[in-house]
Colleague: 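First, the structure itself, so that you have it in front of you.
Everything numeric in this text was worked out from a predicted model, so none of it was measured. Note: hydrogens, waters and symmetry copies are ignored here, and every other heavy atom, side chains too, is used.
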Amino acid sequence: DGVAFNKLAKKHSDDPTSGENGGSLGEFQKGTMVPEFEIALEKLKPDQISQPIRTSFGFHIIRLDGVKAKRIKPLDEVKEEIATKLIEIKTRQKMRRVAKHVYRSAKQDQNLARAALENHLAVKNTPFISRNNHEVSEIGTNPDFFSQAFSIEDNIVGEPIYTLESAFLLNGTVLLVNSLG
């Protein structure tokens, strides 16, 4: 009835963030939202308002403010980002190769400390951990790590565990952390 969408959103929205912003979710790429939201959004033209839709987050009324055309960024804009990503990928690959090499070496005699030292890597012992108290700052909450830590036999070297930043090797008492960074 002619009332501004943003005023109604501020007054009636249950979402504190978008409600405060007049219903605005800001700019986002296609495929970012839940499917029901995306389907309703695709049917709209700029400045159109949808019928109420239901998603797993509740009910929504969508106003499409605008659509920006896709564009390919020039190489100058992305060159540094590409170089950084390539360095990260290569570093991660090297980290995995080193962890596999240390694992194979340690498997021979189940001696992780020896294999790490031969590869000029530091060996770290975690503080005491238990199923109820297993917070280790360098590891975070990696479920694979803790699952292996609580099931591995003493002095048996476990398979490498990988995250984006680290590779872990355990042998029941010793931890090797090979970190990016």
Side-chain angles (χ1 to χ4, degrees), residues 1-103 121-122 124 134-149 159-169 175-181:
D1 290 335
V3 179
F5 186 89
N6 61 347
K7 287 183 181 178
L8 291 172
K10 278 186 177 185
K11 183 177 179 181
H12 297 289
S13 180
D14 291 338
D15 183 327
T17 306
S18 69
E20 287 293 317
N21 294 323
S24 177
L25 298 173
E27 291 183 13
F28 53 87
Q29 292 184 1
K30 186 175 183 178
T32 305
M33 300 297 181
V34 292
E36 304 88 352
F37 195 96
E38 292 278 345
I39 290 167
L41 195 56
E42 285 179 13
K43 294 177 184 175
L44 298 176
K45 292 184 174 122
D47 298 321
Q48 282 187 323
I49 298 173
S50 74
Q51 293 294 315
I53 63 157
R54 184 179 184 154
T55 72
S56 57
F57 297 101
F59 289 93
H60 311 274
I61 298 174
I62 304 167
R63 183 185 74 193
L64 178 62
D65 290 335
V67 177
K68 288 189 175 180
K70 287 185 181 181
R71 76 177 186 96
I72 297 174
K73 293 179 182 178
L75 181 59
D76 288 346
E77 270 185 49
V78 294
K79 187 189 289 187
E80 203 169 303
E81 183 181 337
I82 291 170
T84 301
K85 287 283 184 196
L86 287 172
I87 290 169
E88 287 176 10
I89 289 167
K90 290 295 185 185
T91 303
R92 196 169 290 118
Q93 289 171 340
K94 182 177 181 183
M95 176 185 67
R96 287 174 178 250
R97 276 194 309 275
V98 169
K100 271 186 189 171
H101 179 74
V102 171
Y103 170 72
L121 297 171
K124 293 185 179 181
H134 58 268
E135 196 168 311
V136 180
S137 60
E138 294 97 348
I139 298 161
T141 58
N142 185 307
D144 294 333
F145 176 89
F146 290 107
S147 176
Q148 189 177 114
E159 295 276 336
I161 300 165
Y162 302 109
T163 68
L164 286 177
E165 300 86 21
S166 305
F168 303 103
L169 291 163
L175 160 69
L176 164 70
V177 180
N178 181 2
S179 258
L180 292 177

Colleague: Determine the minimum heavy-atom distance between P160 and A99, stating which atoms define it.
Modeller: CG-O, 4.2 Å
Colleague: How long is the gap from NZ on K100 to OH on Y162, to the nearest 0.5 Å?
Modeller: 5.5 Å
Colleague: Less than 3.5 Å apart, which donor and acceptor atoms pair up between the side chains of residues 69-76 and the rest of the protein, not counting sequence neighbours?
Modeller:
from: R71; atom 1: NH2; to: E77; atom 2: OE1; distance (Å): 2.9
from: R71; atom 1: NH2; to: E77; atom 2: OE2; distance (Å): 3.4

Colleague: Mind checking the CD-CG spacing from E159 to L169? Nearest 0.5 Å is all I need.
Modeller: 9.5 Å
Colleague: If I take atom CD from residue E81 and atom CG from residue L86, how far apart are they, to the nearest 0.5 angstrom?
Modeller: 10.5 Å
Colleague: So, taking the atom named CD in E165 and the one named CZ in R92, what distance separates them when rounded to the nearest 0.5 Å?
Modeller: 7.5 Å
Colleague: Just how far is it from atom OG1 of T163 to atom CZ of F168, taken to the nearest 0.5 Å?
Modeller: 5.0 Å
Colleague: In terms of heavy-atom contacts, does CD of E27 have more than 12 from other residues, nucleotides or ligands at under 6.0 Å?
Modeller: no
Colleague: Answer yes or no: is there a donor N or O on one side and an acceptor on the other, between the side chain of S13 and the main chain of G23, under 3.5 Å?
Modeller: no
Colleague: Looking at every heavy atom in both D14 and P16, which two are closest together, and how far apart are they?
Modeller: O-CD, 3.2 Å
Colleague: Quick one: does T91's side chain have a donor or acceptor within less than 3.5 Å of a partner on I87's backbone?
Modeller: yes
Colleague: Distance-only criterion, 3.5 Å: show the donor-acceptor pairs between side-chain atoms of residues 34-49 and protein atoms not counting sequence neighbours.
Modeller:
from: E38; atom 1: OE1; to: G31; atom 2: N; distance (Å): 3.3
from: E38; atom 1: OE2; to: G31; atom 2: N; distance (Å): 3.0
from: E38; atom 1: OE2; to: T32; atom 2: N; distance (Å): 3.2
from: E38; atom 1: OE2; to: M33; atom 2: N; distance (Å): 3.0
from: Q48; atom 1: OE1; to: K45; atom 2: N; distance (Å): 2.7

Colleague: Which heavy-atom pair separates G22 from F5 by the least distance, and what is that distance?
Modeller: O-CD2, 4.1 Å
Colleague: Quick one: closest heavy-atom pair of H60 and S50, and the distance?
Modeller: O-OG, 4.4 Å
